[in-house]
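Structure record follows, encoded as structure tokens.
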Amino acid sequence: MPALSLADVPGDLLLEIASYLECRADVYNLCLTNHRFFATVSSVLYASVTLNSAEQCTTTLNMLRRHPYIARHVRELVVKPGQLSSSDNQFNHSEKASSAVRDIAMSRVLDALVKFTWDFDDLPVYDDMWFALRVCCPQLRYVGTSVGTRVPNLHSHLFDFVDLRGFSLYLKQGFFESHLDIFSDEQQPTSRRFWDMLMHKCPNLQELVIDGVSPFPVDARPLSRARWPNLRRLVLGDVAVDWLPGDALAAPDAKSPFIEFLEAHPNLQSLGLSRSNVSHARLATMAPDTIKLRSFTGTLEQLQSIPHMHKYLDSVAFREPMRTRDVTALAVASLLQKLTSLTKLKISFMLHSMYDSGNLLRSLIASCPNLTHLELACGHKPSLQLELFAKTIRGFSKLRVLHLTVVKYPGDETLAAGAARIAMTNPRIKHFSLTLLPPSYPFGFPLPVLNFLPLPYRSKDSGSFTLTCDKHGLPQTLRGFERRRLTWPFGLGQTGRTKRYINDLRPAGSPGKRKSGLKGVFQLMTESSAAGEEMRIMVFCALMVFLALWGCWVGNRVGREDQLALRLVSS
């Protein structure tokens with residue numbers, strides 16, 4: 001039977017191979033193999049497209065409009081025109097991005113688009129972008145947008161969507177500063193159209209996100225009257241949906257409208273709350289076994305108030321950091337120990353002094369032995385060394401994904417060295433990220449009286465890493481992508497750089513690692529092995545022989561020159 005070459009592999013097998021590639025760069029390289037591979041694997045590569053600048057929006061969307069056979073694979077599109085700078089740049093970026101989205105939607109090439117998200121500091125300049133998406137993308141069922149200082153007008157096409165499965169609203173800082181009561185006053189036409197779209201035009205809503213961070217929450221109590229039988233996921237930021245504090249005079253066991261809202265949605269599986277939504281005392285009045293949450297995001301007190309749901313939760317994220325002055329690691333661990341099905345955890349600690357994080361990690365390991373995803377942050381003060389962390393997390397025998405954010409310990413190793421140490425010590429963790437935060441003050445000037453000095457903070461280093469192991473499960477290569485950001489004093493701004501690299505983690509002398517030529521000789525000389533020591537001795541002996549021969553040659557040459565000089569003088 002003749003051998004089957006890679007070029008003759010069936011298309012379904014190529015898609016299966018592409019689904020196992022964990023890095024989008026590898027999928028892209030597979031697409032570039034030949035035209036047939038690109039035509040087949042592009043459905044995986046372009047299934048989700050994220051555009052991070054106005055220029056990228058213009059370039060990429062114009063390319064998709066010219067190539068409908070690629071655009072037909074796009075199922076999710078996220079548009080991020082850029083970061084907020086000046087008002088003129090913000091307007092220009094929003095104008096370019098919204099115009100590009102409108103044009104490609106009107107070309108009707110995004111016929112498979114299911115989810116669209118506008119992520120910026122304000123609404124798009126061209127509101128007819130929503131009209132083009134609604135009319136020309138028949139499969140669109142998930143819509144997300146950001147709202148800043150400008151709010152949708154009464155005749156905005158954003159409120160014309162019908163039968164949505166998901167809606168996301170991200171409230172920016174400008175919104176909280178100017179429009180705190182827009183969603184509570186039902187007499188306002190804009191508020192009435194917004195709630196009418198969600199409550200009456202989208203009866204099959206499955207996901208709803210109204211997120212934002214502010215010390216002054218926006219009032220959105222009409223949400224408590226909505227009923228969506230198929231609601232699966234609800235995320236609320238700093239949004240007030242319960243009664244105002246003046247209504248707290250009611251009986252303690254009386255259920256608030258928001259608690260009745262939760263009990264009316266028994267299919268709810270993921271719930272994200274903030275302290276502004278509902279107090280933990282009110283949350284405790286919920287009837288047991290009304291809903292069986294699988295994922296919860298909120299505060300420590302809110303999680304403590306729903307003990308009847310602990311046995312169902314497999315994912316928990318704490319919205320607020322744990323301050324070690326108020327909450328101890330043992331108190332948190334005792335609560336997590338009750339979550340017997342927990343596999344994903346996001347938790348952060350705010351340290352007020354140098355802290356022994358080894359005890360913190362050990363308490364987490366004892367309470368959450370089945371974790372597969374861990375996102376841990378320890379801020380404000382240096383907390384742990386990467387070497388100690390790499391050794392301690394061996395106790396998480398099932399951990400596969402890790403995200404660590406810490407303040408760099410004085411004299412600790414670099415980001416690349418720490419990542420290599422974690423990979424070598426824990427080869428089962430295939431994907432992880434590290435972020436080293438700058439300290440709250442420059443080391444060497446810890447006194448509060450010197451905090452006014454305009455000294456630069458240390459750079460913030462972050463990196464994402466992917467580990468590849470051989471067939472025996474041993475670490476082979478570590479693919480890294482690092483980002484560095486440095487804030488300069490006197491308001492001089494920020495500078496940043498990025499770096500990509502691949503480190504070979506195999507031990508010295510492994511097959512395929514040895515370099516040839518001069519690089520191989522130099523690598524052998526620098527090895528801390530017996531072969532390296534013998535090579536250094538041989539090079540040293542050869543150098544001594546060379547110096548001896550060179551000395552003899554120089555001595556003979558000087559002697560001949562002296563004899564010639566004497567002959568000239570005597571003659």
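Sequential numbering from 1 along the given sequence is applied to the chain's residues.
- Residues Leu415 and Glu482 have side chains in contact (heavy-atom distance under 4.5 Å, counting atoms from C-beta outward).
- For Phe396, the ring pair (Phe, Tyr, Trp, His ring centres under 6.0 Å) test picks out no residue, with sequence neighbours left out.
- Legend: salt bridge (charged side-chain N to carboxylate O under 4.0 Å, His left out) pairs involving residues 269-278, not counting sequence neighbours, sorted by first then second residue: Arg275-Glu301, Arg275-Glu320.
- One distance of note links CZ of Arg282 with CD of Gln302; it measures 14.0 Å at 0.5 Å rounding.
- The minimum heavy-atom distance between Thr149 and Asp122, with the atom names listed, is OG1-OD2, 2.9 Å.
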_Set out, in order, the CA-CA distance, both residues' side-chain angles and the distance that settles side-chain contact (heavy atoms from CB on, under 4.5 Å) for Leu223 and Val239, then state yes or no._
CA-CA 10 Å; Leu223 173 68; Val239 178; over 6 Å; no

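- Counting only heavy atoms from C-beta outward, the side chains of Leu268 and Leu234 approach each other to under 4.5 Å.
- Taking 4.0 Å as the cut-off between side-chain N and carboxylate O, Asp461 and Arg497 do not count as a salt-bridged pair.
- Taking 4.5 Å as the limit, every side-chain heavy atom of Leu402 sits out of range of all side-chain heavy atoms of Asn426.
- Between atom CG of residue Leu467 and atom NE2 of residue His431 there is a gap of 9.0 Å, rounded to the nearest 0.5 Å.
- Annotation: side chain of Leu303 is in contact with side chain of Leu339 (closest heavy-atom distance under 4.5 Å).
- Ring orientation note: the planes of Phe120 and Trp118 are nearly perpendicular, at an angle over 60° on the 30°/60° scale.
- The salt bridge (charged side-chain N to carboxylate O under 4.0 Å, His left out) search around Lys391 returns Glu387, not counting sequence neighbours.
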_Run Ile422 and Phe389 through side-chain contact (heavy atoms from CB on, under 4.5 Å) and show every step you take._
CA-CA 8 Å; Ile422 292 177; Phe389 177 82; 4.1 Å; yes

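- Distance alone, capped at 3.5 Å, is enough to place a donor-acceptor pair between the Asp238 side chain and the Ser214 backbone.
- Around the NZ atom of Lys80, the shell of radius 6.0 Å holds no more than 12 heavy atoms that belong to other residues, nucleotides or ligands.
- Ser94 places a side-chain N or O within 3.5 Å of a backbone atom of Val125 that can act as its donor or acceptor partner.
- The 12-atom threshold is not exceeded at CZ of Arg294, counting heavy atoms of other residues, nucleotides or ligands nearer than 6.0 Å.
- Counting heavy atoms of neighbouring residues, nucleotides and ligands inside a 6.0 Å radius, atom CZ of Arg165 exceeds 12 of them.
- Summarising the geometry of Leu478 relative to Ala423, their closest heavy-atom pair is CD1-CB, 4.2 Å, with the distance given to 0.1 Å.
- In this structure a side-chain-to-backbone donor-acceptor pair under 3.5 Å is present from Glu263 to Ala287.
- Under the 4.5 Å side-chain criterion, counting only non-hydrogen atoms from C-beta, Val406 is not in contact with Phe349.
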*asked:* Apply side-chain contact (heavy atoms from CB on, under 4.5 Å) to residues Val241 and Phe261 and explain how you reach the verdict.
replied: CA-CA 10 Å; Val241 293; Phe261 168 85; over 6 Å; no

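- Ala97 approaches Val79 most closely through the heavy-atom pair CB-CG1, 4.1 Å.
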*Determine, step by step, whether Thr145 and Leu169 satisfy the side-chain contact (heavy atoms from CB on, under 4.5 Å) criterion, reporting the C-alpha distance in whole Å, the side-chain angles of both residues, the deciding distance to 0.1 Å, and the verdict.*
CA-CA 5 Å; Thr145 185; Leu169 185 66; 3.8 Å; yes

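- One N or O on the side chain of His265 and one on the backbone of Trp228 form a donor-acceptor pair closer than 3.5 Å.
- For the atom pair Ile306 CD1 and Leu313 CG, the distance stands at 6.0 Å (nearest 0.5 Å).
- Side-chain contact annotation: Glu76 with Tyr142, donor-acceptor N/O pair under 3.5 Å absent.
- Shortest non-hydrogen contact noted between Arg394 and Thr425 is NE-CG2, 2.9 Å.
- Here CZ of Arg232 is found 11.0 Å from CG of Leu205. Values are rounded to the nearest 0.5 Å.
- Listed by first and then second residue, the salt bridge (charged side-chain N to carboxylate O under 4.0 Å, His left out) pairs that reach into residues 205-218 are Glu207-Arg233, Asp211-Arg319, sequence neighbours excluded.
- In this structure a side-chain-to-backbone donor-acceptor pair under 3.5 Å is missing from Arg323 to Pro321.
- Checked by atom type and distance alone, the side chain of Ser274 pairs as donor or acceptor with a backbone atom of Gly237 at under 3.5 Å.
- Within the 3.5 Å criterion, the main-chain N or O of Cys57 finds no donor-acceptor partner in the side chain of Thr60.
- Within 6.0 Å of OH on Tyr28 lie no more than 12 heavy atoms contributed by other residues, nucleotides or ligands.
- Side chains of Phe167 and Phe194 form a contact here, defined as non-hydrogen atoms less than 4.5 Å apart.
- In this structure, Arg227 contributes its side chain and Ala264 its backbone to no donor-acceptor pair below 3.5 Å.
- For the pair Ser334 (side chain) and Ala331 (backbone), a donor-acceptor distance under 3.5 Å is present.
- Residues that satisfy the ring pair (Phe, Tyr, Trp, His ring centres under 6.0 Å) test with Phe465, not counting sequence neighbours, are Phe432.
- Minimum interatomic distance between Pro81 and His93 (heavy atoms only, all atoms of both residues): CB-O, 3.9 Å.
- Every residue two or more places apart in sequence or in another chain was checked for a ring pair (Phe, Tyr, Trp, His ring centres under 6.0 Å) with His280, and none qualifies.
- In this structure, the side chains of Leu77 and Leu51 come closer than 4.5 Å at one or more pairs of heavy atoms.
- Between the side chain of Thr117 and the main chain of Gly144, no donor-acceptor pair closer than 3.5 Å is present.
- Two residues are said to be in side-chain contact when any heavy atoms from C-beta on lie closer than 4.5 Å; Phe481 and Thr466 fail this criterion.
- Between the CG atom of Asp119 and the OG atom of Ser168 there is a distance of 10.5 Å, given to the nearest 0.5 Å.
- Across Leu262 and Ile291, no two heavy atoms sit closer than the pair O-CG2, 3.6 Å.
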